[in-house]
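This report refers to the structure that appears directly beneath it.
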Amino acid sequence: MLQTIRSNNRLQLFLGLLVGIGFGFLLQKGGVTYYDVIIKQLLLEDFTVVKVMLSAMVTGMLGVHVLRSLGLAQLHPKPGGIGRTLPGALIFGIGFGTLGYCPGTAVGAVGHGALDALIGGVLGMLAGAAVFAAVYPKLTPILNKGNFGPLTFPQLFKVNPWILVIPVSVAMAGLLYVLERTGL
Amino acid sequence: MEFLTMDRWSPYAVGIGIGILSWLTFLLSDKPIGCSTAFARSAGLLERLFRGGKVNDKPYYKEFVPQIDWEWMLVAGILIGAFVASVLSGQFQWSVVPDTWAAAFGTGSIPRLAVSILGGFCAAFGARWAGGCTSGHGISGTLQLAVSGWIAAAGFFVGGIVTAMLIYRVIG
């Protein structure tokens, strides 16, 4: 049954659209498609973005690991590496702080009429992606430096995933509690 | 159905909703939620419009084939979902300069648009370098306890916080 759904390409495109509609709806309702909310998070004045991300992460982590333990889902961790993950993430962060949107929330912001997210965000991001594709062959040696592949922390520490899922969930929930108690 | 027309939902409700969506994508589509690959594919699709099929031979586009796939549809859905949500609450509004920006740098459109183009460029360039963005690494990577996801999420926020502080506390 799952295999039939997953291998039906047209159905998958439709499911992608449906999940996207739900995602965009939630992002707007959470206020995280707004420049003001995102930039105030980065200025550490408003913790809405962190609250949304951490509750998504904890909910997602528990459910996806249950599905995995039941044999209903597989993990798809992205490969990482010294030359790839941190430098790229820092360049992304510079863009994130300058644009005030990330790729998903920029598209959501366009949905509620933010033209800076359309002209700057979407066009700037398409240009950035195109230039990256052009210089990719030259960057490959840096990108492959210290490659550790699609590694997860349970694999790294050679433990059952639940040994980490439970304490990490509790710690993140605790962090959210502290954020709420301190009025951030 | 009053909740549909509310301006804001609790960030926890929104986060739990996004977490549940990720259960569905793993279960029904065998994929984590992500956004930035769709920008790479779209860039390739646009390049192909101008330069033809040889674009497909670029090494990057061999890995990330320029085509409309599941994730591309997800990003298209974000546009629709945010539009519907903002219309339901009466918040849909054309805007160019956000309030926080205007308070520090004035209401002129050109500076905001110029800076946002630069920001968008870096965001996509960095996302493709790192292999994901705030969705693919920040939410989907961390929830899978991927080492790359946690490193990337830390880098996103360190880079973003330093940059925002420079713009608003040093320049602004």
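Just the heavy atoms: all of them, side chains too, but no hydrogens, waters or symmetry mates, feed the values below. In the text below, chain A, chain B and the rest are named by the order of the sequence lines, each starting its count at 1.
Taking the six-membered ring where tryptophan is involved, the planes of B:Tyr60 and A:Tyr136 are perpendicular, since the angle between them exceeds 60° and thus also 30°. Taking the six-membered ring where the residue is Trp, B:Trp129 and A:Phe132 present tilted rings, their angle falling between 30° and 60°.
Only the side chain of A:Glu45 comes within contact range of chain B, with heavy atoms under 4.5 Å apart. For A:Val66, no part lies under 4.5 angstrom from a heavy atom of chain B. B:Thr134 touches chain A through backbone and side chain together, each having a heavy atom under 4.5 Å away. For A:Leu13, the parts sitting under 4.5 Å from any heavy atom of chain B are the backbone and the side chain alike. Within the 4.5 angstrom heavy-atom criterion, only side-chain atoms of B:Ile33, from C-beta onward, approach chain A. Of the atoms belonging to A:Phe47, not a single heavy atom falls under 4.5 Å from chain B. Looking at B:Ser135, the atoms closer than 4.5 Å to chain A (heavy atoms on both sides) all sit in the side chain, from C-beta outward.
In this view, B:Arg112 and A:Asp116 satisfy the salt bridge (charged side-chain N to carboxylate O under 4.0 Å, His left out) rule, not counting sequence neighbours. Scanning for salt bridge (charged side-chain N to carboxylate O under 4.0 Å, His left out) contacts around A:Lys51 gives A:Glu180, with sequence neighbours left out.
Counting non-hydrogen atoms of other residues, nucleotides and ligands closer than 6.0 Å to OH of A:Tyr177 gives a total of 12 or fewer.
Distance alone, capped at 3.5 Å, is enough to place a donor-acceptor pair between the B:Gln144 side chain and the A:His76 backbone.
Among all heavy-atom pairs drawn from B:Leu21 and A:Leu26, the shortest one is CD1-CD1, 3.9 Å. For the residue pair A:Leu86 and B:Gly155, the shortest heavy atom distance occurs at CD1-CA, 4.1 Å. For the residue pair B:Thr163 and A:Gly93, the shortest heavy atom distance occurs at OG1-O, 4.0 Å. Of all heavy-atom pairs between B:Ala146 and A:Pro77, the closest is CB-CB, 3.8 Å. Taking all atoms of both residues into account, the shortest heavy-atom contact from B:Cys35 to A:Pro103 is CB-CB, 4.3 Å. In this structure, A:Leu42 and B:Met165 approach most closely via the heavy-atom pair O-CE, 4.1 Å.
The side chain to side chain contact (heavy atoms under 4.5 Å, CB included) test with A:Phe25 singles out one residue from B:Leu4, B:Ile78, B:Ile80, and that residue is B:Leu4. The side chain to side chain contact (heavy atoms under 4.5 Å, CB included) with A:Lys29 is formed by just one residue from the set B:Ser10, B:Ser89, B:Ser86, B:Pro11; it is B:Ser89.
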>> Please evaluate residues A:His112 and B:Gln91 with respect to the criterion side chain to side chain contact (heavy atoms under 4.5 Å, CB included), reporting the C-alpha separation (whole Å), side-chain torsions for both, the decisive distance (0.1 Å), and the verdict.
In response: CA-CA 7 Å; A:His112 59 66; B:Gln91 287 176 307; 5.9 Å; no
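Aromatic pair A:Phe96/B:Phe156: ring centres not closer than 6.0 Å.
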